[in-house]
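Reviewing the structure listed below.
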Amino acid sequence: MPQNETIRDLQLDEYKYNFVTDAEPVYRARKGLSEEVVREISAYKEEPEWMLDSRLKALQVYESKPMPTWGGDLSELDAVLDEIYFYVRPQDRMEHSWEDVPEEIKDTFEKLGIPEAERKVLAGVGAQYESEMVYHSLREEWEKQGVIFDSIEDGLKNHPDLFREYFGTIIPTQDNKFAAMNAAVWSGGSFVYIPPGVHLDTPLQAYFRVNQERMGQFERTLIICDEGASAHYIEGCTAPVYSTESFHSGVIEIVVKKNARFRYTTIQNWSNNMYNLVTQRAVVHEGANMEWLDGNLGSKLTMKYPSCYLVGEGAHGEILSIAYSGDGQHQDTGGKVVHVAPHTTSSIISKSISKGHGRSTYRGLCKVHKGAHHARSNVECDALLINDTSRTDTYPYIEIEEDDANVGHEASVSRIGEEQLFYLTSRGISEEEAMAMIVRGFIEPIAKELPLEYAVELNRLIELEMEGSVG
Amino acid sequence: MSSEPMSDTHILKIESLEAKVATENLDILNGVNLEIGKGEVHAIMGPNGSGKSTLAKILAGHPSYEATAGRVLFKGQNLFELDVDERSRAGIFLAFQYPVEIPGVSIANFLRTALQAHLVDEEELDIFEFTDMLTERMSMLEMDISFAERHVNDGFSGGEKKRNEILQMAVLRPTLAVMDETDSGLDIDALKIVANGVNKLTEEDPEMSILLITHYQRLLNYIKPDFVHVMVDGRLVRSGGPEIALELEKDGYKNWKDSGAVSSGVPKTA
Ligand SMILES: Nc1ncnc2c1ncn2[C@@H]1O[C@H](COP(=O)(O)OP(=O)(O)OP(=O)(O)O)[C@@H](O)[C@H]1O
Ligand SMILES: [Mg+2]
């Protein structure tokens, strides 16, 4: 594929585009969302009829739903959406060059010590970084155990029945406007199946998945963790992801079957032009355990509330989230736990940091349905404000239909205290380092759950972010 | 920088220091004079609210207080020209009366960062040497090594916090240690252990000077002061030898307290 004879500045200059000689039939990317675009995507992916129908229905749902107004400010989103390409074939990806990548992002790569090859991928320039050797030996091992770890497209092609059984059942199209949008135009993402009783010690890293549209704008991931199995899936990285696109809307569906355990870790650091609207949900069956570990940095606005539907007796769901909002950023995040079966337990721990004019919102729901007797849930959300201009709000919704439910909620807001700063600096530590230390300490309960390399990167990132915050 | 040729004996020189709460018109120190020589141990005693901690915090550079008159020279240099962290690196250490909790930060990490900051010229702290040193200092203070992984003062008992202050002092090895009521909160055994630790440090570095703030004679049995000062209403109203502490133990501050204006430095009944 002529991947490198690319169409520069496609967005700006259609004229140029016409001069690109391409062996493939001319495929013209269109701005905005329409039935044609949806049909093209499906045709290009050579999808079965049912999938095309599903996409087209989703488009209708998307169009029928109003822009949500209950969360972050989406008033300018329509204009943004008119200008974006909902689908670009992999070989037509706009390859901006390294020179186009903003200096501050390059600077962050430098300071984080990201390897050269990786920087280019993160910046959307050049070939995908692959740890092929590592990946291949792991992959062989996984295949022996019957594990499927594929792109979502290959999942649909190679495992059509399994795919169809679960796709869209955890997050139905009607769920919300952006889930509907994703269902109409999804592209890229993972398809994962862990057979009964299989325990994976090595995390499945989206990072390893070769040759796919890893950071798709409308990625869709479907994970089935079968009975008694256990696994950990990791996605994203702490380094800033630079993209010329300014919209990301993913859907992650997970089924955790009886007595299985699953953890989904994601850390994302979008460039601050990005709207990041993601729906993540797990259905947790009897005696099973689901953990979301969610880190949100960067972006203009993130709205993301990982959720656990505890549908089997004794199911447990856990949501740990860290949000960092710098100047001009709004992290509207939290979690949802829905108790449907008896003796289900859940916990949400959310920590947010707001700096400068940054704003962090905790928005959470704990719902105990009739019949979910002996449910227990605990929610703890702590906000740390770095400057006087920083802002935080908390919207904890609790709906309980069972008398014996035990639901706790604790919220705290703190500022970096003068006394803490004085104490640390009185030991010779500079004020910036002291700030970073306090922030790292604040998120430690969650950071310690991260794989080591992520925790280390996150700490370095916080240090960078604290630079210039003193004053 | 308005530095003076360093006098060879004085490590700290406080001249007519007046200070107030930065955000309010509330005078706390009303003319403090004090000279501390190399290797000397000074004790300040005085009633609650007389300004002892304020003096200690001003030396360390606490932003809540503002010096309104007078000056302080540390090793001949105007102390007020240095930021809080610079003062520490220059050799001042304050053991807090009320140590502050830093959740999520381990003692080991905190001390490593602090000690690294004290190194000059980009020198890298050797992590193995550091760990050995920390282990040794902790055993000197009879602290369990597992404490190194606990979060700074988070959930510590009152006595554990005080001992942790002295651990930090033992790791950073200052030239001037200001100890604000380190003895309060320590049980009898802990007091001995901590005092022995401090004496060990003065053995290691005979030039280390100490300014002790205490309410009780007891501590002074272990750490022998060369001078004892009495602070009342933001002034040092009397200075002398260890015998002053014994007198105070007996009579309390009644001779000083009700005098509206103690300016002569002489008790009313004297
Ligand atoms: N930040 C502040 N704001 C208002 N008042 C203050 C502040 N700091 C100190 N003060 C007041 O100044 C006076 C001296 O306080 P300081 O803590 O120095 O006393 P102290 O001699 O150390 O007392 P103690 O023996 O009880 O520790 C007290 O009356 C105290 O209330
Ligand atoms: Mg005091």
Side-chain angles (χ1 to χ4, degrees), chain A residues 295 320 322 324 349-353 380-386 388 410 412-450 452 455-456 458-460 462-463 466-467 469-471, chain B residues 22-23 56-65 82-107 109-120 125 149-154 161 164-165 167-169 171-174 177-178 180:
Chain A
L320 301 173
I322 300 176
Y324 174 88
I349 300 176
S350 154
K351 301 238 173 203
S352 71
I353 301 151
E380 184 191 325
C381 52
D382 302 315
L384 182 67
L385 302 174
I386 307 285
D388 291 342
E410 273 175 65
S412 77
V413 178
S414 51
R415 287 177 189 279
I416 289 199
E418 192 174 70
E419 292 303 319
Q420 287 185 322
L421 274 183
F422 176 59
Y423 190 69
L424 294 177
T425 52
S426 80
R427 295 332 186 210
I429 297 168
S430 73
E431 205 168 320
E432 276 178 6
E433 174 64 36
M435 287 252 204
M437 218 170 195
I438 293 166
V439 173
R440 284 194 305 245
F442 174 74
I443 59 166
E444 188 266 357
I446 295 178
K448 72 169 190 240
E449 296 293 323
L450 288 173
L452 186 65
V456 168
L458 188 63
N459 281 344
R460 269 188 292 178
I462 283 168
E463 237 152 80
M466 286 305 115
E467 279 180 12
S469 61
V470 175
Chain B
T23 52
K57 288 193 229 172
I58 281 201
L59 293 178
H62 197 292
S64 292
Y65 305 98
L82 299 180
D83 288 337
V84 182
D85 54 329
E86 292 171 326
R87 293 182 201 196
S88 164
R89 297 197 293 269
I92 291 184
F93 181 89
L94 170 61
F96 283 52
Q97 181 176 3
Y98 303 110
V100 181
E101 300 183 3
I102 316 284
V105 178
S106 72
I107 290 184
N109 177 4
F110 167 46
L111 282 175
R112 187 149 61 91
T113 312
L115 200 57
Q116 176 64 55
H118 280 248
L119 297 180
V120 283
L125 187 67
E149 288 313 315
R150 289 200 42 190
H151 298 163
V152 180
N153 296 321
D154 194 12
K161 284 183 180 170
N164 183 33
E165 292 296 289
L167 173 67
Q168 294 169 43
M169 176 172 147
V171 167
L172 296 175
R173 306 179 64 170
V178 181
D180 192 356

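Throughout, protein chains are lettered first and strands after them, A, B, ... in sequence-line order, and every chain is numbered starting at 1.
Cation-pi geometry between A:R440 and A:F442 is not met at under 6.0 angstrom from the ring centre and within 45 degrees of the axis.
At a 4.5 Å heavy-atom cutoff, the contact between B:P99 and chain A is made by backbone and side-chain atoms alike. Interface residue B:L172: only side-chain heavy atoms are found under 4.5 Å from chain A. When heavy atoms are compared at a cutoff of 4.5 Å, A:E419 approaches chain B by way of both its backbone and its side chain. Only the side chain of B:H118 comes within contact range of chain A, judged by heavy atoms closer than 4.5 Å. For B:Y98, no part sits under 4.5 Å from any heavy atom of chain A, backbone or side chain.
Checked by atom type, the side-chain pair A:S430/B:D85 shows no donor-acceptor distance below 3.5 Å. Side chains of A:E418 and B:S64: a donor-acceptor N/O pair is present below 3.5 angstrom, by distance only.
Remark: the backbone N or O of B:E101 is paired with a side-chain donor or acceptor of A:Q420 at under 3.5 angstrom. Looking at B:R87, its side chain does come within 3.5 Å of a backbone N or O of B:L59 through a donor-acceptor pair.
Contact tally against chain A (heavy-atom pairs below 4.5 Å) for B:N153, B:L115, B:L111, B:I92: the top residue is B:N153. When each of B:D83, B:V171, B:T113, B:N109 is scored by its heavy-atom pairs under 4.5 Å with chain A, the top score falls to B:T113. For the set B:H151, B:K57, B:M169, the count of heavy-atom pairs under 4.5 angstrom toward chain A peaks at B:H151.
Using cut-offs of 30° and 60° on the angle between ring planes, the pair A:Y423 and B:F96 is perpendicular.
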